[in-house]
Q: 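What follows is a structure written as C-alpha cells; I'll ask about it next.
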Amino acid sequence: MTRLNRLFAFAFSLGVGLFGCACTTVPSDHFYTLIGNSANLPMSAASVQGPSVAITSVTLPEAVDRSEIVVRSGPNRVLVMETQRWAESLKAAIPRALASDLSPLLGGATVSVQTDNASRDAKYGVWIDITRFDSALGEAATIDAVWGVRASAGGQAKRGKSSWRIPVHGSSFDDLVAAHSAALAQLSIEIAKQITDLEGAKN
C-alpha cells in the first residue's frame with residue numbers, strides 16, 4: 001500500500017470512528033422535583049398557630065408511580081420519558097410539597113409527613129388517594145384526588161374530592177412540573193379549609 005493510500009485509509013477509519021462515537025452518545029438525564037407554592041398562597045389570618053397536621057399516606061396510579069415522567073400523548077396512549085425523571089419518588093415528593101403549602105395556610109402550623117417523628121403526635125391526620133396524575137407537555141397538568149381528614153382524638157373522618165387542571169405556561173418539562181406543583185397547592189387550600197372548619201366546630 002502506497003503512502004497516499006495509507007493516509008486515505010487512516011482518514012477514513014478516523015471519520016468512521018468519530019461518526020460511531022457521535023451515534024452512541026447517551027443523552028444525559030434531567031431530574032425534576034415538586035415544590036411548595038407557599039410564596040403564592042394566602043397566609044392564614046388566624047391570631048394563633050394552627051393545629052399540628054400529619055400527611056399519613058399518599059397513593060398514586062401505578063402507571064405514574066415510577067422514576068420516569070409519564071406524558072400523555074393521546075386518549076389511550078402515554079410516553080415514558082427515559083431521560084426526564086423525578087429526583088425522588090412521587091410518593092415522597094407529593095406529601096412534602098403539600099406539607100410546605102399547608103403550613104402557611106394554617107397559620108404556620110407544623111405539618112409533617114409519615115416519615116417524620118412529629119407525625120405521631122399530630123392533632124389531625126390527612127390521607128390522599130390521587131386517582132389521576134396526568135402530564136400533557138405544553139398543555140396541562142391534571143390531578144384528581146379523593147382525600148380525608150381525621151382528628152387523632154377520634155371522630156368521623158371528613159372527606160373531600162378535588163379535580164384540578166392547570167395550564168402549562170411553556171413547552172418545557174420545567175413548565176409541566178411547575179403546573180403540577182400549582183395543582184397540589186390548590187389541593188392544599190381545600191384540605192386546609194376542611195381542617196379550619198373542624199377546628200371552628202370545636203370552639
Side-chain angles (χ1 to χ4, degrees), residues 33-61 64-65 88-136 139-169 175-203:
T33 185
L34 297 165
I35 61 172
N37 278 254
S38 56
N40 301 315
L41 293 175
M43 287 289 292
S44 170
S47 58
V48 295
Q49 187 179 43
S52 57
V53 177
I55 301 174
T56 58
S57 69
V58 172
T59 59
L60 285 162
V64 298
D65 187 16
E88 60 180 332
S89 72
L90 286 175
K91 286 183 178 178
I94 289 173
R96 292 187 193 283
L98 289 170
S100 177
D101 289 334
L102 280 170
S103 182
L105 290 167
L106 296 170
T110 298
V111 183
S112 57
V113 297
Q114 188 176 22
T115 56
D116 296 336
N117 291 331
S119 66
R120 295 194 297 266
D121 302 320
K123 186 174 182 179
Y124 292 99
V126 178
W127 58 264
I128 302 159
D129 178 18
I130 294 179
T131 57
R132 183 181 182 188
F133 191 92
D134 269 7
S135 304
E139 295 181 19
T142 303
I143 292 178
D144 294 347
V146 178
W147 49 272
V149 178
R150 181 187 292 276
S152 59
Q156 185 177 4
K158 300 295 184 180
R159 300 173 183 268
K161 186 176 182 180
S162 306
S163 181
W164 293 96
R165 184 181 188 275
I166 305 298
V168 176
H169 300 296
D175 298 319
L176 176 63
V177 173
H180 272 302
S181 293
L184 291 173
Q186 294 302 317
L187 175 58
S188 296
I189 291 174
E190 295 191 20
I191 294 172
K193 184 179 184 305
Q194 186 66 264
I195 294 172
T196 301
D197 289 346
L198 285 171
E199 279 291 282
K202 293 181 177 182
N203 297 329

Q: Tell me, with the steps shown, if Glu190 and Trp147 meet side chain to side chain contact (heavy atoms under 4.5 Å, CB included).
A: CA-CA 10 Å; Glu190 295 191 20; Trp147 49 272; 4.0 Å; yes
Q: Is a side-chain N or O of Asp101 found less than 3.5 angstrom from the main chain of Asn37, in a donor-acceptor match?
A: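 Side chain of Asp101 to backbone of Asn37, a donor-acceptor pair under 3.5 Å: yes, one is there.
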Q: Short question: side chain of Ser188, backbone of Leu184 - any donor-acceptor pair under 3.5 Å?
A: yes
Q: Is any side-chain heavy atom of Val146 closer than 4.5 Å to one of Trp127?
A: yes
Q: Under the 3.5 angstrom rule, does the side chain of Ser163 hit a backbone N or O of Asp144 as a donor-acceptor pair?
A: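 Not at all, since once roles are kept as given, no pair shorter than 3.5 Å links the two residues.
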Q: Judged by atom type as modelled, is there a donor-acceptor pair below 3.5 Å linking the side chain of Ser181 to the main-chain atoms of Ile35?
A: yes
Q: Working note: Val126 + Ile195, criterion side chain to side chain contact (heavy atoms under 4.5 Å, CB included); need CA distance, chi angles, decisive distance, verdict.
A: CA-CA 9 Å; Val126 178; Ile195 294 172; 4.2 Å; yes
Q: With distance as the sole criterion, is a donor-acceptor pair present between the side chains of Gln114 and Thr56 under 3.5 Å?
A: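 Looking only at side-chain atoms, Thr56 and Gln114 do not form any donor-acceptor pair under 3.5 Å.
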Q: Is the backbone of Asp134 close enough, under 3.5 Å, to the side chain of Thr142 for a donor and an acceptor to pair up by distance?
A: no
Q: Give a yes or no on whether the backbone of Thr110 and the side-chain of Ser103 come within a donor-acceptor separation of less than 3.5 Å.
A: no
Q: Starting at CD of Gln186, measure out to CD1 of Ile166 and round the result to the nearest 0.5 Å.
A: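 Answer rounded to 0.5 Å: 5.5 Å.
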Q: Run the side chain to side chain contact (heavy atoms under 4.5 Å, CB included) test on Ile55 and Leu102 for me, step by step, so that the C-alpha distance in whole Å, both residues' side-chain angles and the decisive distance to 0.1 Å come before the verdict.
A: CA-CA 10 Å; Ile55 301 174; Leu102 280 170; 4.3 Å; yes
Q: Report the distance from atom OG1 of Thr33 to atom NE2 of His180, rounding to the nearest 0.5 Å.
A: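 If I round to the nearest 0.5 Å, the distance is 13.0 Å.
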Q: Rounded to the nearest 0.5 Å, how far does NZ of Lys193 lie from CG of Leu198?
A: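 Atom-to-atom, Leu198:CG and Lys193:NZ are 10.5 Å apart.
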